[in-house]
A.B. asks: 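Sharing a structure with you now.
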Amino acid sequence: MVCLVSRTGRHLQRYDDLGRRQVVGCIPYRFKCSSDGTISDDLEVLVISSQKGQKMMFPKGGWEVDESREEAALRESVEEAGVLGSVECELGRWNFISKSHGTFYEGYMFPLLVKEELDLWPEQNVRQRAWLNVKEARDVCQHWWMKEALDILVERLTSSLQQQKEQNMSICSLI
């Protein structure tokens, strides 16, 4: 069961020792399915529009005191993008300044392997979502630090796929 109401307010918001607001986000991803139902190596990532405009980005929001970073990342993905899945190992931590507020932030990003795309989600009336290939997502994403996180994810997944192929080739040569 998924709660279909977004958290609001900042009374539970975390700040670091320097007073920077801490935010957590995800890069929701999946591998394209072929028409015959097989999964390909073609990576797609989900981007969402900002609430106040057409700028595209990955789901992210405040990390609150009653949750882990991973829980916050999953919550933001459900609230903003309407997707559920497996939060994977952290991609990194970035410090940045909000252009709209002129305040400092500390941001953490995680990969989210999407298992389910919801028809109804809390922010569906204020956001658009789109599955894009990596190049398209990188081109439309407005935040440099999210682009860096995407690059890290692509490198990680590419390396993992290469290792799997090498292991399969090794197993095949033994048969």
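Just so you know, residue 1 is the first one in the sequence shown, and it goes up from there. Predicted model, so just to flag it, every value in this text is computed and none were measured.
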A.B. asks: Starting at CH2 of W94, measure out to CD of E106 and round the result to the nearest 0.5 Å.
C.D. replies: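 Taking CH2 in W94 and CD in E106, the distance rounds to 11.5 Å.
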A.B. asks: Which distance, rounded to the nearest 0.5 Å, do you find between the CG of D119 and the CD of Q124?
C.D. replies: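 Taking CG in D119 and CD in Q124, the distance rounds to 8.5 Å.
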A.B. asks: Does E90 use its side chain to pair, donor to acceptor, with the backbone of M109 at less than 3.5 Å?
C.D. replies: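 Pair absent, no side-chain N/O of E90 close to backbone of M109.
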A.B. asks: If only atom types and distance count, is the side chain of R156 paired as donor or acceptor with the main-chain N or O of C89 below 3.5 Å?
C.D. replies: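 Between the backbone of C89 and the side chain of R156 there is a qualifying donor-acceptor contact (under 3.5 Å).
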A.B. asks: Which value, rounded to the nearest 0.5 Å, describes the distance between Q142 atom CD and S49 atom OG?
C.D. replies: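 OG of S49 is found 11.5 Å from CD of Q142.
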A.B. asks: Say whether, by atom type as modelled, one donor and one acceptor occur between the side chain of K147 and the main chain of R138 under 3.5 angstrom.
C.D. replies: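 Answer holds: yes.
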A.B. asks: Evaluate the side-chain proximity of R21 to T103: yes if any heavy-atom separation is below 4.5 Å, no if none is.
C.D. replies: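 No - every pair of side-chain heavy atoms lies 4.5 Å or more apart.
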A.B. asks: Are the side chain of E123 and the backbone of A81 linked by a donor-acceptor contact shorter than 3.5 Å?
C.D. replies: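 Side chain of E123 to backbone of A81: no pair is present.
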A.B. asks: So for atom CD, which belongs to Q128, do other residues, nucleotides or ligands contribute more than 12 heavy atoms lying within a distance under 6.0 Å?
C.D. replies: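 Incorrect, the count does not exceed 12.
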A.B. asks: Using 4.0 Å as the upper bound for N to carboxylate O, is an ion pair formed by D139 and K135?
C.D. replies: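 Result for this pair is yes, salt bridge flagged.
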A.B. asks: If you round to the nearest 0.5 Å, how far is CD1 of I27 from CZ of F110?
C.D. replies: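 Taking CZ in F110 and CD1 in I27, the distance rounds to 11.5 Å.
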A.B. asks: Taking the side chain as every heavy atom from C-beta outward, state whether L74 and L112 have any atom pair closer than 4.5 Å.
C.D. replies: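 Of all side-chain heavy-atom pairs linking L112 with L74, at least one is under 4.5 Å.
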A.B. asks: Return the CD1 to CZ distance between I48 and F58, rounded to the nearest 0.5 Å.
C.D. replies: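 That separation rounds to 10.0 Å.
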A.B. asks: Decide if atom CD of Q54 counts as having more than 12 heavy atoms of other residues, nucleotides or ligands within a radius under 6.0 Å.
C.D. replies: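 At most 12 heavy atoms, drawn from other residues, nucleotides or ligands, come within 6.0 Å of this atom.
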A.B. asks: Taking the side chain as every heavy atom from C-beta outward, state whether K115 and L84 have any pair of such atoms under 4.5 Å apart.
C.D. replies: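 No - every pair of side-chain heavy atoms lies 4.5 Å or more apart.
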A.B. asks: Measure the shortest side-chain to side-chain distance between L153 and Y29 over non-hydrogen atoms and say whether it is less than 4.5 angstrom.
C.D. replies: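 Yes, close enough: below the 4.5 Å cut-off.
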A.B. asks: Ignoring hydrogens and geometry, is there a side-chain-to-backbone donor-acceptor pair from R93 to Y108 under 3.5 Å?
C.D. replies: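 No; judged by distance alone, with no hydrogens or angles, the pair does not exist.
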A.B. asks: Do the side chains of L43 and F31 get nearer than 4.5 Å, heavy atoms only?
C.D. replies: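 Yes, their side chains come closer than 4.5 Å.
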A.B. asks: Quick one: are D16 and F104 in side-chain contact, heavy atoms under 4.5 Å?
C.D. replies: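 The answer is no; the side chains never approach within 4.5 Å.
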A.B. asks: Regarding R30 and E44, does a basic nitrogen lie under 4.0 Å from an acidic carboxylate oxygen?
C.D. replies: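 So R30 pairs with E44 through a salt bridge.
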A.B. asks: Within the side chain of S77, is there an N or O that forms a donor-acceptor pair under 3.5 Å with the backbone of A73?
C.D. replies: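 Yes, because the side chain of S77 sits within donor-acceptor range (under 3.5 Å) of the backbone of A73.
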A.B. asks: Take the angle between the ring planes of W145 and H143 and call it parallel below 30°, perpendicular above 60°, tilted in between.
C.D. replies: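 Taking H143 first and then W145, their aromatic rings sit tilted (interplane angle of 30° to 60°).
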A.B. asks: Before you tell me yes or no, could you show the steps for C141 and M56 under side-chain contact (heavy atoms from CB on, under 4.5 Å), namely the whole-Å CA-CA distance, both residues' side-chain angles and the distance that decides it to 0.1 Å?
C.D. replies: CA-CA 5 Å; C141 183; M56 300 301 279; 5.9 Å; no
A.B. asks: Tell me whether the guanidinium CZ or amine NZ of R129 lies under 6.0 angstrom from the six-membered ring centre of W121 and within 45° of its axis.
C.D. replies: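 Yes.
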A.B. asks: Within the side chain of E80, is there an N or O that forms a donor-acceptor pair under 3.5 Å with the backbone of V78?
C.D. replies: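 Such a contact is absent between E80 side chain and V78 backbone.
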A.B. asks: Is the backbone N or O of E64 less than 3.5 Å from a side-chain atom of R14, with the two atoms forming a donor-acceptor pair by type?
C.D. replies: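 A pair under 3.5 Å: yes.
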